[in-house]
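Below is one structure, written out as structure tokens; comments come after it.
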Amino acid sequence: MNIVVLAPSGRHSAEDLPGLTDEDSVTVVCWSGPAVPETDGWVTLRQSHRSARLVAALSHTLPGRMLVRVLPLDGGVRFWRASASAAEVERRIGDADMIIAAERDAGFAAWKWLQRGERGGSTTVAVRGYAAARTRIAHR
């Protein structure tokens with residue numbers, strides 16, 4: 001089973017999906033950062049520094065956080081745009097049997113990837129969170 005984990009923060013470990021075998025492969029898609037391992041199972045995306053600074057400045061107040069959520073500066077929208085423009089992410093999701101939205105900002109990207117795949121005739125499954133993924137893996 002090919003699994004793609006969308007985790008913008010990069011928080012993922014093998015213990016999150018304990019039911020996997022040696023034949024299964026996991027790819028984690030996240031924002032680039034100092035704590036992200038440079039291995040084959042990880043695909044890092046770059047954030048626009050300007051957008052990240054603007055979101056950080058607006059996030060100090062409740063009205064600012066609400067404004068970010070309705071603008072294209074929303075973390076989920078930015079993560080979707082970055083993942084959709086990365087050829088490596090598109091290739092890995094095209095080969096995936098399951099997409100896991102591990103975090104809130106990954107939900108929109110998972111939904112958009114699922115829509116894109118369904119239009120192309122894909123049978124990829126998308127789940128929200130590791131608990132749903134573990135259940136799905138146990139029932140395969």
Side-chain angles (χ1 to χ4, degrees):
M1 176 180 268
N2 291 326
I3 299 171
V4 175
V5 177
L6 301 177
S9 71
R11 291 188 199 114
H12 174 77
S13 68
E15 292 83 35
D16 294 330
L17 299 170
L20 298 179
T21 65
D22 293 337
E23 298 169 1
D24 298 323
S25 70
V26 177
T27 300
V28 179
V29 179
C30 63
W31 291 121
S32 61
V36 176
E38 296 292 327
T39 64
D40 185 44
W42 291 71
V43 178
T44 58
L45 306 172
R46 297 185 144 264
Q47 287 192 70
S48 161
H49 293 295
R50 188 173 24 169
S51 296
R53 281 195 307 261
L54 184 56
V55 168
L58 289 171
S59 295
H60 292 294
T61 65
L62 179 61
R65 287 190 298 273
M66 292 170 59
L67 183 62
V68 166
R69 278 300 195 205
V70 299
L71 293 174
L73 293 173
D74 175 65
V77 174
R78 288 186 300 129
F79 190 72
W80 156 247
R81 283 194 313 249
S83 70
S85 65
E88 182 65 15
V89 174
E90 186 171 4
R91 183 186 69 75
R92 294 198 187 204
I93 286 184
D95 295 338
D97 299 308
M98 183 187 323
I99 301 169
I100 301 172
E103 301 168 12
R104 181 192 66 181
D105 284 344
F108 182 69
W111 176 65
K112 293 293 278 184
W113 279 115
L114 187 63
Q115 282 186 323
R116 184 183 276 190
E118 286 175 348
R119 282 193 300 266
S122 174
T123 59
T124 302
V125 174
V127 296
R128 183 163 180 85
Y130 289 115
R134 286 189 293 268
T135 302
R136 192 75 150 170
I137 290 168
H139 291 103
R140 60 177 155 164

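This one's a predicted model, so the numbers in the text were calculated from it and none came from an experiment.
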**Asked** Sequence neighbours excluded, which residues qualify as side-chain hydrogen bond (donor to acceptor under 3.5 Å, both in side chains) partners of S25?
**Response** N2

**Prompt:** Do you reckon V77 sits in the same ILVMFWY cluster as L114, going by side-chain contacts under 4.5 Å, direct or chained?
**Reply:** no

**Prompt:** When rounded to the nearest 0.5 angstrom, what is the spacing between CH2 in W31 and CZ in F79?
**Reply:** 6.5 Å

**Asked** Side chains of T21 and E23: does their closest heavy-atom pair fall under 4.5 Å?
**Response** yes

**Request:** Report the C-alpha distance between V5 and V26 in whole Å, list the side-chain angles of each, state the deciding distance to 0.1 Å, and finish with yes or no for side chain to side chain contact (heavy atoms under 4.5 Å, CB included).
**Result:** CA-CA 7 Å; V5 177; V26 177; 3.9 Å; yes

**Item:** Counterpart residues, side chain to side chain contact (heavy atoms under 4.5 Å, CB included), relative to M1 (two or more places apart)
**Value:** I3, D24, D97, M98, I137, R140

**Asked** What residues form a salt bridge (charged side-chain N to carboxylate O under 4.0 Å, His left out) with E118, not counting sequence neighbours?
**Response** none

**Item:** From CD1 (I93) to OG (S83), nearest 0.5 Å
**Value:** 6.0 Å

**Asked** So how far is it from W42 CH2 to C30 SG, rounded to the nearest 0.5 Å?
**Response** 5.5 Å

**Request:** Ignoring hydrogens and angles, tell me if any N or O in the side chain of T124 forms a donor-acceptor pair with the backbone of A96 under 3.5 Å.
**Result:** yes

**Item:** Heavy-atom closest contact (G129 atom, I100 atom, distance)
**Value:** O-CG2, 3.8 Å

**Residue list, salt bridge (charged side-chain N to carboxylate O under 4.0 Å, His left out) with R65, at least two apart or on another chain** = none

**Asked** Between M66 and V70, is there a shared hydrophobic cluster once you connect ILVMFWY residues whose side-chain heavy atoms come closer than 4.5 Å?
**Response** no

**Message:** Hydrophobic clusters here meaning ILVMFWY residues chained together by side-chain heavy-atom distances under 4.5 Å, can you tell me if W111 and V29 are in one?
**Reply:** yes

**Atom pair CH2 (W80) and CH2 (W113), whose distance is rounded to the nearest 0.5 Å** = 5.0 Å

**Fill in**
Quick note, salt bridge (Lys or Arg N to Asp or Glu O under 4.0 Å) partners involving residues 128-137, not counting sequence neighbours, are none

**Request:** To the nearest 0.5 angstrom, please state how far the CD atom of E103 sits from the OG atom of S9.
**Result:** 3.0 Å

**Message:** Please enumerate all residues that pass side-chain hydrogen bond (donor to acceptor under 3.5 Å, both in side chains) together with R116, with sequence neighbours excluded.
**Reply:** none

Counting only pairs under 3.5 Å, give me each side-chain donor-acceptor contact of residues 53-60, with atom names and distances, residues two or more places apart or in other chains.
{"residue": "S59", "atom": "OG", "partner": "V55", "partner atom": "O", "Å": "2.6"}
{"residue": "H60", "atom": "NE2", "partner": "A56", "partner atom": "O", "Å": "3.3"}

**Asked** Taking all atoms of both residues into account, what is the closest heavy-atom pair of V4 and R92, and its distance?
**Response** CG2-O, 3.7 Å

**Message:** Can you give me the closest heavy-atom contact between A126 and A110, atom names plus distance?
**Reply:** CB-O, 4.5 Å

**Message:** So, using side-chain hydrogen bond (donor to acceptor under 3.5 Å, both in side chains) as the criterion, who are the partners of S13 when residues are at least two apart?
**Reply:** E15

**Fill in**
For S51, the side chain to side chain contact (heavy atoms under 4.5 Å, CB included) test, sequence neighbours excluded, returns S48, L73, R78

**Asked** Can you name the side chain to side chain contact (heavy atoms under 4.5 Å, CB included) partners of A86, sequence neighbours left out?
**Response** L45, V89

**Prompt:** So with a 6.0 Å cut-off around CZ of R11, is the heavy-atom count from everything else above 12?
**Reply:** no

